[in-house]
Protein chains: 2
Amino acid sequence: MEVKRSQKKKIILEAAAKLFRDKGYSATSMRDLAAEVNLKASSLYNHIGSKEELLIEICFANAERFLNGIKSINETSLSSIEKLKALIALHVEIALEDFTSVTSFNDEWRQLKEPYLTDFLKMRKDYELIFLEIINTAQNQGQIKNIDPQICLYTILSSTRWVYDYKQNSKTDDFKQIKNSILEIVTAGISC
Amino acid sequence: MEVKRSQKKKIILEAAAKLFRDKGYSATSMRDLAAEVNLKASSLYNHIGSKEELLIEICFANAERFLNGIKSINETSLSSIEKLKALIALHVEIALEDFTSVTSFNDEWRQLKEPYLTDFLKMRKDYELIFLEIINTAQNQGQIKNIDPQICLYTILSSTRWVYDYKQNSKTDDFKQIKNSILEIVTAGISC
DNA sequence: TCTTTGCAAACGAACATTCATTCGTATTAT
DNA sequence: ATAATACGAATGAATGTTCGTTTGCAAAGA
């Protein structure tokens, strides 16, 4: 039963992500969260600062993960179309391996209060700008269809949004198959 | 300034959909909603029964719209691939013409309480089963790729989820272009 | 035309409940 | 014994909703 101090906070964070994902941030009470980790609400505050802190950590951890991912992909010498494929793969991989955290990051960042909301949106904007730049280059080199880059971007971004629902309903847990299927559909969708 | 009784409820419903979409159902208070329509919270109850009633009406109105849409498409004599294209077009059209209501329907149905949640999920299940049947037929006839139908389904469903964000950020309001772009990407993605 | 009646709509005040969080104290482990 | 952790009780704020009353307006009666 005994857990190290730092481990306990991680447990709380993961339980929070799960509840935020299932019920939403606002609809999740600290009593709900406490029950999930076999504590009373007041005891949570020995490990965390506030409810909002949990959301902040979830949102920014994932934002940094995506931002670091796209930056390191962009620094490679891959062709534009290869970069795009790597990006789609990145999204699928993150969505598959950490779908709880990513889902609540995707859906609940709106609940961030200032100044965190502004910071978060700035990171998202940075991410999208790099993504758009790659799309633009790929189009100029004739490697993908000439479709409004913004539409192209959003279509790619949303193509992994359902992974959590899939994992809930389906029997198979075959990561590779899911990843390959998405890659196949999206790549065929944007290629010339 | 004067509005007919039945019109007032529609105004409240639309304001509710907008707030639910922007802040989420749980984070939207009846005082927020009242302010949005220039009333006090207590006055709302001359026009509506409860906060939950608003969510119920939004969710089921859209569920029925999609269910009716897919049924009437399925009753036509179109080929399977044509049915799929019509379905994608249906999603894009609804997303474009009523994106406020559809967005809060997409994101906030989780907040429904029983017995409505069960009813809602049943309608969604019905919808998905018809959709999967069409995908299956299309695959058997060799009209689209042989990808796990469930993955195929979710990819199509999520491909219109971003329309609201796009309309917020972009200058153009060219429905036709958006619709054609999505159709082009998704059709190319699933075709053999 | 002027007054009266009726009614929908708006409101302020109040209610019970739930919320996140704090605090003092008890328990536990080192 | 010291420090970390858990807890119950309490707090103030916010929540959805109800209630009694007032307001504004339209139809009916004089």
Side-chain angles (χ1 to χ4, degrees), chain A residues 1-59 104 108-117, chain B residues 1-59 104 108-117:
Chain A
M1 263 307 203
E2 306 81 26
V3 219
K4 291 264 168 64
R5 163 125 176 74
S6 60
Q7 282 181 2
K8 194 78 176 235
K9 172 151 188 186
K10 206 198 285 185
I11 290 175
I12 294 175
L13 257 172
E14 282 170 11
K18 184 178 152 206
L19 288 172
F20 295 171
R21 181 235 302 159
D22 290 337
K23 316 177 47 169
Y25 173 78
S26 295
T28 298
S29 75
M30 295 304 272
R31 291 165 178 82
D32 293 335
L33 176 57
E36 190 80 10
V37 295
N38 295 317
L39 286 180
K40 302 294 173 181
S42 55
S43 309
L44 290 173
Y45 291 85
N46 286 322
H47 305 278
I48 64 163
S50 69
K51 183 186 181 186
E52 201 197 357
E53 179 194 288
L54 293 167
L55 182 64
I56 291 170
E57 296 202 12
I58 291 170
C59 288
S104 75
E108 301 302 323
W109 60 263
R110 288 165 223 274
Q111 308 298 335
L112 286 172
K113 296 210 187 84
E114 297 296 354
Y116 302 100
L117 182 59
Chain B
M1 263 304 205
E2 304 84 23
V3 220
K4 289 264 167 63
R5 163 125 175 74
S6 60
Q7 283 181 359
K8 194 78 179 233
K9 172 152 188 185
K10 207 198 286 187
I11 290 175
I12 295 176
L13 257 171
E14 281 170 11
K18 184 177 153 205
L19 288 172
F20 294 170
R21 182 240 296 160
D22 289 339
K23 317 178 46 170
Y25 173 79
S26 295
T28 299
S29 76
M30 295 303 275
R31 289 164 178 84
D32 292 336
L33 176 57
E36 190 78 12
V37 294
N38 295 318
L39 287 179
K40 302 295 172 180
S42 56
S43 308
L44 290 173
Y45 291 85
N46 286 322
H47 305 278
I48 64 164
S50 68
K51 183 187 181 186
E52 202 197 357
E53 179 194 288
L54 294 167
L55 182 64
I56 291 170
E57 297 201 13
I58 291 171
C59 288
S104 75
E108 301 302 324
W109 60 264
R110 289 166 221 273
Q111 308 298 334
L112 286 172
K113 296 210 187 86
E114 297 295 356
Y116 303 101
L117 181 58

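Just so you know, these numbers use all the heavy atoms, side chains as well, and skip hydrogens, waters and symmetry mates. In what follows, chains are A, B, ... by sequence order, proteins preceding strands, each numbered from 1.
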To the nearest Å, how far apart are [X] [atom1] and [N] [atom2]?
| X | N | atom1 | atom2 | result |
| --- | --- | --- | --- | --- |
| A:L44 | C:dC19 | CG | P | 14 Å |
| A:I12 | D:dT5 | CD1 | P | 10 Å |
| B:N38 | C:dA9 | CG | P | 16 Å |
| B:L39 | C:dG12 | CG | C1' | 14 Å |
| A:L33 | C:dT18 | CG | P | 19 Å |
| A:Y25 | C:dA20 | OH | C1' | 9 Å |
| B:K23 | D:dA14 | NZ | P | 12 Å |
| A:K9 | D:dA4 | NZ | P | 16 Å |

Taking all heavy atoms of [X] and all of [Y], pick out the closest pair and write down the distance.
| X | Y | result |
| --- | --- | --- |
| B:A34 | B:K40 | CB-C, 3.5 Å |
| B:V37 | B:I12 | CG1-CA, 4.3 Å |
| A:I56 | A:L112 | CG1-CD2, 3.7 Å |
| B:A41 | B:M30 | CB-O, 4.1 Å |

Hey, is the side chain of A:N46 pairing donor to acceptor with the base of D:dA6 inside 3.5 Å?
->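 Checked by distance alone, the answer is yes.
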
Sugar-phosphate, base or nothing in reach of B:S26, heavy atoms under 4.0 Å |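 Nothing: the residue B:S26, judged by heavy atoms under 4.0 Å, touches no strand.
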
Kindly write out the residues that satisfy salt bridge (Lys or Arg N to Asp or Glu O under 4.0 Å) with B:E57, not counting sequence neighbours, or none if the list is empty.
->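 In terms of salt bridge (Lys or Arg N to Asp or Glu O under 4.0 Å), with neighbours along the sequence ignored, B:E57 is linked to B:K9.
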
Can you sort out the partners of A:D32 under salt bridge (Lys or Arg N to Asp or Glu O under 4.0 Å), two or more places apart, ordered by chain and number?
->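 Salt bridge (Lys or Arg N to Asp or Glu O under 4.0 Å) check on A:D32 returns A:K23.
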
Could you list the protein-to-nucleotides 21-25 of chain C atom pairs, N/O on both sides, closer than 3.5 Å?
{"unit_1": "C:dT21", "atom_1": "OP2", "unit_2": "A:Y45", "atom_2": "OH", "d": "2.5"}
{"unit_1": "C:dT21", "atom_1": "OP2", "unit_2": "A:K51", "atom_2": "N", "d": "2.9"}
{"unit_1": "C:dT21", "atom_1": "O5'", "unit_2": "A:Y45", "atom_2": "OH", "d": "3.3"}

Just N and O in the side chain of [X]: are any of them under 4.0 Å from OP1 or OP2 of [N]?
| X | N | answer |
| --- | --- | --- |
| B:S43 | C:dA9 | no |
| A:K8 | D:dA6 | yes |
| A:H47 | D:dA6 | yes |

Listed nucleotide nearest any side-chain atom of B:S29, set D:dT15, D:dT5, D:dG8 =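 Looking only at heavy atoms from C-beta outward on B:S29, the closest nucleotide is D:dT15.
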
Short question: side chain of A:E36, backbone of A:A15 - any donor-acceptor pair under 3.5 Å?
->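 Not confirmed, A:E36 side chain does not pair with A:A15 backbone.
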
